[in-house]
Every structure is written in C-alpha cells, then in structure tokens.
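Here the structure is laid out as structure tokens; the discussion comes afterwards.
Atoms within each ligand, like the ligands themselves, are counted from 1 in listed order. Bear in mind the structure is a predicted one, so any value in this text is a computation, not a measurement. Position 1 is the first residue of the sequence, and the numbers go up from there.
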Amino acid sequence: MTTPSLASTRDELVTLLADARASGRRVGLVPTMGALHEGHASLIRAARERVGDGPVVVSVFVNPLQFGEGEDLDRYPRTLDADLKVCAREGVDTVFAPSVEEVYPGGNPQVTIKPGPRAKILEGRIRPGHFRGVLTVVAKLFGLVRPDVAVFGQKDYQQLVLVRRMVLDLDLGVDVVGAPTVREGDGLALSSRNRYLDADQRVAATALNRALIAARENARYGVDVALGEARSELREHLVDLDYLVITDADLGDLPRDVPAGTEARILVAARVGATRLIDNMPLVLGRVAGPEGET
Ligand code: PAF
C-alpha cells in the first residue's frame, strides 16, 4: 500500500504528472466529490485496468457550481483523510484536492458549459443548473488533468450520458468509461447520501432496486407493464417518487411501437425522508402485449 501524492494546486498537479507525460504513459482520471466508498473504489479499479502502469488521478472536489439553493452543499460530507486511505488501498497515484479558489480563481465562471436538451429532463428538471455545474467542472478537470481516460459511475446515468455528449460535441478527446453500479447486499446502490438514512428509511430505500428489477423482469411485456410492476413495488414503501421512467439508452424518448430487443434504461428518483436517492438499470424491451397475450 503506497500513499498517493496529494496535489492541492494546479502547479503541484502538473509537476506530479510530468514524468508520466514525458514517457507517454496513459493518464486515468476518476472525478469525485470525496466521501469515497466501495463504488468509487470500483471506478478506480476500472481506471487502473485502462491505464496499466500510467498514473490514476482521483479528484476530490465538492463543486459549489452544481448545487442549487437549498441543496446540501454545506451538509455534503468532507472526509479527505478517509478518502486518502481508500485511495492508498486502491493504488491511486495522485489525489487532486483543490480549494474552491484554486478551481474558480476568478470567482463564479463567466463562461460555462451549456449542457443541452438532455439536461432539461429528469434530474435537470428537479435541479435546474445542476448539469451546467457538473459539465463545467468536468471540462475544467479534463483541462487540468488532461486524462486519456475518465471513469464515471453508471449510478449517475444522466451525468454519464451528458459527459459523453460533451466529449463528443466539443472533441475533448477523452475516453469516457461508464462503470457498473455497486450495490449493498440488499440491493441498495452505494451512495455518499446513504449515510443519512435511519434504519427504517434504509429498508424503504431498497424498494428502488426492487422496483427496477421488477421492471427489468417484465420488460419483455413492454414499457407499460414494466413501469406498472415497478410502481407497485414502490407503492408498498414510504418513498416519495420524483420520477420513474423508461427511456432509450441515450435518455431519448422511445418510439410508440418499440421493436423487440430494444435496449433501454429505467431511471428512478425518490425521497426517503429528507434524503433524495436515484438509481437506474439497463433493460431489454420486448413486444408491447401484456402477459395475458403471451403465446
Ligand atoms: O459524480 C460526482 O461526484 C460529481 O458530479 C462530479 C462528476 C465529480 C463532478 O463534480
């Protein structure tokens, strides 16, 4: 276990990555807001697989630009010492943990990334401005770290889709990898926010995963049946639903007559007590007839 180098300024980061750049090794980036858990560890491993002996950089930065008013910016856990231990265990080379002033030296940026139409739905509808903040800081991290590959969790699926689109539309030349969601034994997707759930809420929260599985298992009967099965799982628990939708794999609308075998995504967001949770799963849609119509 080697302690990763800690960079808190741009200059320190440049110095730490100089050798790797000079020798042409690939650089991997795992952008995070800290409070690292096993889900992040799996992203780090995915980065390591892609860069071999090149450096893996983990950024730890709670980005104020992606929090709206009344959101949990102040309450967001800041646990750098524990994060460094996770990074050491996972063989991270460099942790980049800058201050807000280091990332935004001119204060609030005047030029930001406009995240486009896919940012107006789902999370973007509930958290206006969120993805402008996310894409702006991700673009800055790409500029600062200049990674060959960057790994994001599929758990934040809309974020992943938007980062991919930004890289495509702006020719950023970064290979974006979406790593599968890591779950607890009871299926709850790992999230830094799970720590806010009390014991009853923790049980209620597992309904999200069960709802997604119910949808996936019924996806061959079409969108309506799949959504209906998911809703009945959620109804049994005290979860306050923000949305439950099935989209195409790129978050676009599905055609009315979905061809059998269409790869789609189901996404859910709900409040459990004061904690907002999101989750999603891939599914393969079949024909539209209900179970009774099965031949
Ligand atoms: O997913 C996150 O933790 C954040 O949105 C990210 C990508 C690190 C940008 O602040």
Salt-bridge contact R231-D224 (side-chain N to carboxylate O under 4.0 Å):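 Looking at D224 together with R231, the answer is no, because their closest N to O distance does not fall below 4.0 Å.
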Does a salt bridge link E38 with R45, judged by any charged N lying under 4.0 Å from a carboxylate O?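 The answer is yes: the pair qualifies as a salt bridge.
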Whichever hydrophobic residues join L190 through chains of side-chain contacts under 4.5 Å: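 V182, all in the cluster of L190.
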Applying ring pair (Phe, Tyr, Trp, His ring centres under 6.0 Å), which residue pairs with at least one partner in residues 57-86 are found, sequence neighbours left out?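 For residues 57-86, and leaving out neighbouring residues, the ring pair (Phe, Tyr, Trp, His ring centres under 6.0 Å) pairs sorted by first residue read F67-Y76.
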Do Q158 and I121 make a side-chain contact, defined as non-hydrogen atoms from C-beta onward lying under 4.5 Å apart?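 The answer is yes; the side chains approach within 4.5 Å.
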With sequence neighbours left out, write down each residue that passes side chain to side chain donor-acceptor pair (under 3.5 Å) with N194, or none if nothing qualifies.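 For N194 there are no side chain to side chain donor-acceptor pair (under 3.5 Å) partners, ignoring immediate neighbours.
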For ligand 1, what N or O to protein N or O distances fall under 3.5 Å?
unit_1   : atom_1 : unit_2 : atom_2 : d
ligand 1 : 1 (O)  : Q159   : OE1    : 3.4
ligand 1 : 1 (O)  : Q159   : NE2    : 2.8
ligand 1 : 5 (O)  : Q66    : NE2    : 3.0
ligand 1 : 5 (O)  : Q159   : OE1    : 2.7
ligand 1 : 10 (O) : Q66    : OE1    : 2.6

